[in-house]
Structure formats: structure tokens, C-alpha cells
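Take a look at the structure below.
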There are 2 protein chains.
Amino acid sequence: MYERKIEENLDCGIYLASRVFGGKWKCCILDAINRGIARPVDICSYIPDASKRVIEMQLAELLFYGIIEKSSEDTYPKKSEYSLSIVGKSILPLLAQMDEWGLAHYEFVKERQKELQIS
Amino acid sequence: MYERKIEENLDCGIYLASRVFGGKWKCCILDAINRGIARPVDICSYIPDASKRVIEMQLAELLFYGIIEKSSEDTYPKKSEYSLSIVGKSILPLLAQMDEWGLAHYEFVKERQKELQIS
DNA sequence: ACAATAACCGAAAAAAGATTCGGTATAATA
DNA sequence: TATTATACCGAATCTTTTTTCGGTTATTGT
């Protein structure tokens, strides 16, 4: 986990929420786990754009915050499986709403993005 | 606006959403504007933790994406006023839900945060 | 014995994002 | 005339986050 130099203000609910599941790939990871993709290898192939390392790190963070749970710690060849905790499941409606918003405004945003390319 | 070196994949709704309103202070700015705090100076005093510059930059981005609208462009002394566009307003329920989640799990998260301090 | 696999870790480097600082413009006011 | 106020911009710097790369460990299959 990173060592912060500037203190955070977690008193704002939105800020706190984005601390917990606002990483670049955390939502995707939660989505994967929710779909039953439980093992790190499989999550990596499910999200090929994310580096293996960042998935490991964000899994560790989500575990730390109690958003996900881990089973079968020390068997070899390691076959860790992750699942959503109760708190983790409480995030799902939010993710769904975010995804819905994003898809609904896909064209709208892409349009602007394109303008950026031209200019 | 920053020039990205690595291309983004906006096909995921969640990813796209967080691109549009996922900056460190964007949600706070939207909240301020929603409360009728329309002028940059006032937004700055409303969010004293954020630097003036970042508020300017994020206002510009929100404007670029059509999330907010601007009035009275070129009068002096400048008195710009920002307001939420229709698309901007469509984000509000999401922000509310995020804030609600954050506040509901405040203790839960703070507990872990504290552990981090000790160790 | 040896390669393959899976999970995970540390450290350096790169990229993204935020902050600081100093600038511009212009009208109103002292 | 000089100062103040407001919005905004550019560039350097700093912080945070992500990526890259090369480990370790221990079991399973060859």
C-alpha cells in the first residue's frame, strides 16, 4: 500500500467511497468477482488491459478494506479464490448505476473526446 | 487538459463515468454548483482544500464534457457563473448514492485506516 | 531432476494528476 | 494613477498511481 504524504479528508462520503473503490481497475475487479471470476489468473485474463501487478495490489487493498474475502490461503499450487463480502455486495447497485450512466452517455462523451483529437 | 500517453478504453461504462467525474475534486465542484454556488471564487472558498488552479482546470474539463454550462463570458470584472447541464443533473442521483454509501460505511473504513497507522 | 504454474512481493521507472507560482486582462474603486 | 478584484492560463514541481520487470515459494506433471 502506498505511503501518503498529504493527509486525506475522508469525512466526505463521496471521497471515502472513491478511496475504497475508486482505483483505475477496482470496479472492473469487483465486477469480475461478482460474475464468479474468482481466481487472480482469471481476473487477469478478464481484464487484459490492466497489469498483473496492479490487479494483485488492488485485490490486496480491497481485501484490506474488507470489500472482498479470500479462501484457501496456503495450498500449493496456490489456488486463491476471492468473493465479495457483504459490504462488497453493497457496492454492486452503485457500480450498476455508474455503468448504466456511462453507457447511456457513451456517445455524448465520445463526441467530445473526438474533438480533442482533431484540435 | 492533460495529454494522455496511454490510450484509454472507454467502452466500459464505469470507466467512462469515472473519466468524466472521477477527478479528485470534480464531485465536490458538482455538489457546489448544484447548491447554487456558481462562481469560481465562491467554489474556491467552498472547497478550501483544493487549489485554485485545480478547480479552474476541472471546471474547464466539466465544461468540455458538457456537464456544466457557463454564462457571461467576457464582461469585466469577470463574473462567470456555472450551472449544471441536463447531463450534469443526471449525475446527481449517482453522487447522492455514493455519498450515502460512503457515510454508511464511514466507521467500517476508518477502522481499517486506523490499523494502517499503527502497523 | 526439471519445467510449468499460480500467487504474490519489492523496487525502479513511467505516467497521470494536483499544486504552486507567477503571469495576463480589464473594469471599478480608492 | 495605483490598487483591487475576478477569471483564467502556462510551466515547473511534487505527489500519487500504474506499469514493468525480475524475483520467491511450493506443488504438479514430465
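These numbers come from the heavy atoms of this one structure, side chains and all, not from hydrogens, waters or symmetry mates. The shown structure was predicted, so the numbers you read here are calculated from the model rather than taken from an experiment.
As rounded to whole Å, 13 Å separates atom P of C:dA6 from atom CD of A:E56. Here the C1' atom of nucleotide C:dA7 and the CD1 atom of A:I68 are 13 Å apart, to the nearest Å. Atom CZ of A:R39 and atom P of C:dC8 are 10 Å apart (whole Å). If you measure from atom CD of B:E61 to atom C1' of C:dA18, you get 12 Å, rounded to the nearest angstrom. The CE-C1' distance, from A:M57 to C:dA12, rounds to 13 Å in whole Å. Whole-Å rounding puts the B:K79 NZ to D:dC8 P distance at 14 Å. Counting to the nearest Å, the C1' atom of D:dT20 and the CG atom of A:D49 are 16 Å from each other. With rounding to whole Å, A:D42 atom CG is found 13 Å from C:dA7 atom C1'.
With hydrogens and angles left out, the side chain of B:R53 and the base of D:dG10 share a donor-acceptor pair within 3.5 Å.
Between A:L92 and A:K89 the shortest side-chain heavy-atom distance falls below 4.5 Å. A 4.5 Å side-chain heavy-atom check between A:H105 and B:V87 finds at least one atom pair inside the cut-off. Residues A:L94 and A:F21 form a side-chain contact, since some pair of their non-hydrogen atoms from C-beta on lies under 4.5 Å apart. Looking at B:L30 and B:I68, their side chains come closer than 4.5 Å, going by heavy atoms from C-beta outward.
Listed candidates were C:dC8, C:dA6, C:dT19. Nearest to the side chain of A:V41 is C:dA6. Comparing C:dT19, D:dC8, C:dA7 against the side chain of B:V54 picks out C:dT19 as the nearest. The listed nucleotides are D:dC8, C:dT19, D:dT19; the one nearest the side chain of B:K24 is C:dT19. For A:S80, counting side-chain heavy atoms from C-beta on, the closest listed nucleotide (D:dA7, D:dC8, C:dC8) is C:dC8. Comparing D:dC8, C:dG17, C:dA6 by their nearest atom to the side chain of B:K52 picks out D:dC8.
The phosphate of C:dG17 (OP1 or OP2) has no side-chain N or O of B:W25 nearer than 4.0 angstrom. Contact between the side-chain N/O atoms of A:Q58 and the OP1/OP2 oxygens of D:dT17 is not found at any separation under 4.0 Å. For the pair A:R19 and D:dT17, the criterion of a side-chain N or O lying under 4.0 Å from OP1 or OP2 is met.
Remark on DNA chain C: of its neighbouring residues A:L59 and B:S51, the 5'-side contact belongs to A:L59, judged by nearest-heavy-atom nucleotide.
A donor-acceptor pair is defined here as one N or O able to donate and one able to accept, closer than 3.5 Å; no such pair exists between the side chain of B:E69 and the backbone of B:S85.
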